[in-house]
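I have placed the structure first, in the form of structure tokens, so that the comments after it can refer back to it.
In what follows, chains are A, B, ... by sequence order, proteins preceding strands, each numbered from 1.
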Amino acid sequence: MAANNAPTELDKEQIFGMAEKEMEYRVELFNKLTSTCFNKCIDKRYKETELNMGENSCIDRCVSKYWQVTNLIGQLLGSNRPPM
Amino acid sequence: MAANNAPTELDKEQIFGMAEKEMEYRVELFNKLTSTCFNKCIDKRYKETELNMGENSCIDRCVSKYWQVTNLIGQLLGSNRPPM
Amino acid sequence: MAANNAPTELDKEQIFGMAEKEMEYRVELFNKLTSTCFNKCIDKRYKETELNMGENSCIDRCVSKYWQVTNLIGQLLGSNRPPM
Amino acid sequence: MDKSMLGDLDSLPEEDKLRMSAMIDQLQIRDSLRMYNSLVERCFTDCVENFRRKSLDKQEETCVRRCAEKFLKHSMRVGMRFAELNQGAATQD
Amino acid sequence: MDKSMLGDLDSLPEEDKLRMSAMIDQLQIRDSLRMYNSLVERCFTDCVENFRRKSLDKQEETCVRRCAEKFLKHSMRVGMRFAELNQGAATQD
Amino acid sequence: MDKSMLGDLDSLPEEDKLRMSAMIDQLQIRDSLRMYNSLVERCFTDCVENFRRKSLDKQEETCVRRCAEKFLKHSMRVGMRFAELNQGAATQD
């Protein structure tokens, strides 16, 4: 039997499916990050419309730490690729 | 080149995909509304099986207010269509 | 008109779609069970890496009770098949 | 969730109507299974507090039954109110 | 969510590029609708506490507006920081 | 999640078996990615409380490690118990 290196229909579906799951993962990561840092940093009494200085710097640090936790747990799970 | 107004295969997929997302949105809206109003209105000690009068009127007002919040935020997001 | 018992393309899509939903349901059941029992049984101060004896027996009972609640509510919902 | 809330299919050609209707069926199946999972999670969380035994005691079982029935009644009432608001919004157009 | 975060399509053949791009569009539509739903749930939960009337009072309405605007500004800032970190990770490769 | 929990494929024709198996693979990929996201969210929420610096301190890092390892051990134990109950339910049929 001759070797056939062209991807079959099913292979292609797999590749697209994989890409789709990867993108869903990124969207979900971003949404969880956004929601978690909102809970950690934002005053829920909503006394103003603008983010104040304390909130802004909290957000920056929160994103940075969340990113580190993502990498840390990624290492523990044995994945050696970056989270994105 | 002649104009071709018949939708292509990909266009059609887009239209069905769009309709599907819209329906998913409605289902999710209904589920979040139900769950949020349950949390706001229902006594969690579960002393009885029936909804009492206080719970019933709380539910009606909760649905009405949730609907208003949906519209209000819809306006802020710049969408000028109704939430459903 | 002759009866035609071969499944149509759409029927087949339905069957695969049904199987997919059923599997999604099982995955979600497992994930909710895991997360709920973690919240009920695990000490969030994370003083150690191992599960201690109290946590282990709590987990076993939690899974067992969760299973019973799944069956109980399945009966109430009028489904007479087991949850899996 | 009531099927009629998901939209009006009458304006579509026959073939698309079939496909759309199959899609709605799939969404409804997924939605009922998710609802089942959420209901179990909610009533378990609210009603089961002790893990000294591996079987539900009488009190927990009663609590779970009431929780589930109450949720279903609640859900039906929300559905009615929601449908009214939707209808109002539709006729305003 | 910014489309550029979802990956680089330049290396694909034309046909697959179209399909991938359609897929990204679909994901973005779903994501905006979900974001809309979550924002409503969050601001409703944080701002609406009393159910003595069926209409929002002035205070609740103000709270909802601020909540939504604050969330959007927050989300934009998170997006900027997140993109920076992503870029850093990409150039490290 | 263990693949065997998702059903028995032996009774299907070859072509459908392939397709079903591909579907299960896709569900498993999605499930592991979601699990990863949830684990990060959970351990971050439980372990990171202060935002006076932009890097994790030693204590936070230890907490995150323990949280993640504990969750994985917990998840494995739940999986074992769950499989036993499933098997019991299957043989009752």
Side-chain angles (χ1 to χ4, degrees), chain A residues 6-7 9 11-71 74 80-84, chain E residues 1-9 12-13 15-16 19-20 22-28 30-32 34-35 37-39 41-43 45-47 59-60 62-93:
Chain A
E9 207 40 51
D11 285 343
K12 209 159 181 185
E13 287 311 306
Q14 297 267 44
I15 292 167
F16 272 102
M18 187 70 207
E20 190 180 34
K21 302 298 169 291
E22 182 102 14
M23 288 182 213
E24 283 176 8
Y25 159 74
R26 291 185 204 185
V27 171
E28 201 185 308
L29 168 57
F30 181 77
N31 290 341
K32 281 188 184 298
L33 161 58
T34 305
S35 157
T36 305
C37 290
F38 194 85
N39 294 337
K40 295 274 189 191
C41 296
I42 307 296
D43 180 359
K44 298 302 180 296
R45 285 166 301 166
Y46 304 116
K47 292 200 173 166
E48 44 191 6
T49 298
E50 300 302 314
L51 300 169
N52 62 44
M53 232 183 60
E55 288 170 332
N56 271 329
S57 74
C58 179
I59 293 168
D60 295 352
R61 290 165 188 165
C62 183
V63 174
S64 164
K65 285 190 166 188
Y66 198 94
W67 180 264
Q68 287 170 54
V69 171
T70 306
N71 281 311
N80 38 17
R81 59 183 176 85
M84 287 292 291
Chain E
M1 172 145 219
D2 186 5
K3 200 167 180 165
S4 69
M5 280 186 211
L6 294 176
D8 176 25
L9 303 183
L12 295 174
E15 186 203 323
D16 292 352
R19 186 172 159 196
M20 196 65 90
M23 193 172 83
I24 294 177
D25 288 345
Q26 294 289 320
L27 284 177
Q28 284 197 306
R30 186 196 277 164
D31 185 48
S32 351
R34 283 194 180 158
M35 194 275 260
N37 264 328
S38 305
L39 191 55
E41 186 186 31
R42 172 185 293 277
C43 297
T45 301
D46 287 355
C47 295
Q59 199 189 326
E60 288 168 332
T62 307
C63 179
V64 168
R65 276 184 201 283
R66 286 180 182 160
C67 167
E69 288 194 30
K70 228 168 176 172
F71 186 86
L72 294 173
K73 281 170 192 158
H74 166 75
S75 178
M76 237 171 333
R77 189 169 186 107
V78 170
M80 274 164 36
R81 294 297 159 258
F82 189 61
E84 289 167 13
L85 288 167
N86 264 312
Q87 231 140 23
T91 51
Q92 273 171 16
D93 277 354

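Ion pairing between E:R81 and E:E84 holds under the 4.0 Å rule for side-chain N and carboxylate O.
In terms of the side-chain contact (heavy atoms from CB on, under 4.5 Å) criterion, residue partners of A:R61 (sequence neighbours excluded) are, by chain and number, A:S57, F:F51, F:K54. E:E60 pairs by the side-chain contact (heavy atoms from CB on, under 4.5 Å) definition with B:K65, E:V48, E:N50, E:L56, E:D57, not counting sequence neighbours.
Contact annotation for E:C43: neither backbone nor side-chain heavy atoms come within less than 4.5 Å of a heavy atom of chain A. In this structure, chain E has a heavy atom under 4.5 Å from the backbone of A:S64, while its side chain stays farther away. Contacts between E:R34 and chain A at a heavy-atom distance below 4.5 Å are absent for every atom of the residue. Neither the backbone nor the side chain of E:R65 comes within contact range of chain A, judged by heavy atoms closer than 4.5 Å.
Separation of atoms CD (A:E55) and CD (A:E48) is listed at 6.5 Å; rounding is to 0.5 Å. One distance of note links CD of E:Q28 with CE of A:M23; it measures 10.0 Å at 0.5 Å rounding. Separating the CE atom in E:M35 from the CZ atom in A:F30 is a distance of 9.0 Å, to the nearest 0.5 Å.
Counting heavy-atom pairs under 4.5 Å between each of A:L51, A:I42, A:I59, A:D60 and chain E puts A:D60 at the top. Among E:K73, E:H74, E:Q26, the residue making the largest number of heavy-atom pairs under 4.5 Å with chain A is E:H74. Interface check for chain A: of the options E:R42, E:E69, E:R30, E:R77, the most heavy-atom pairs under 4.5 Å are formed by E:R77.
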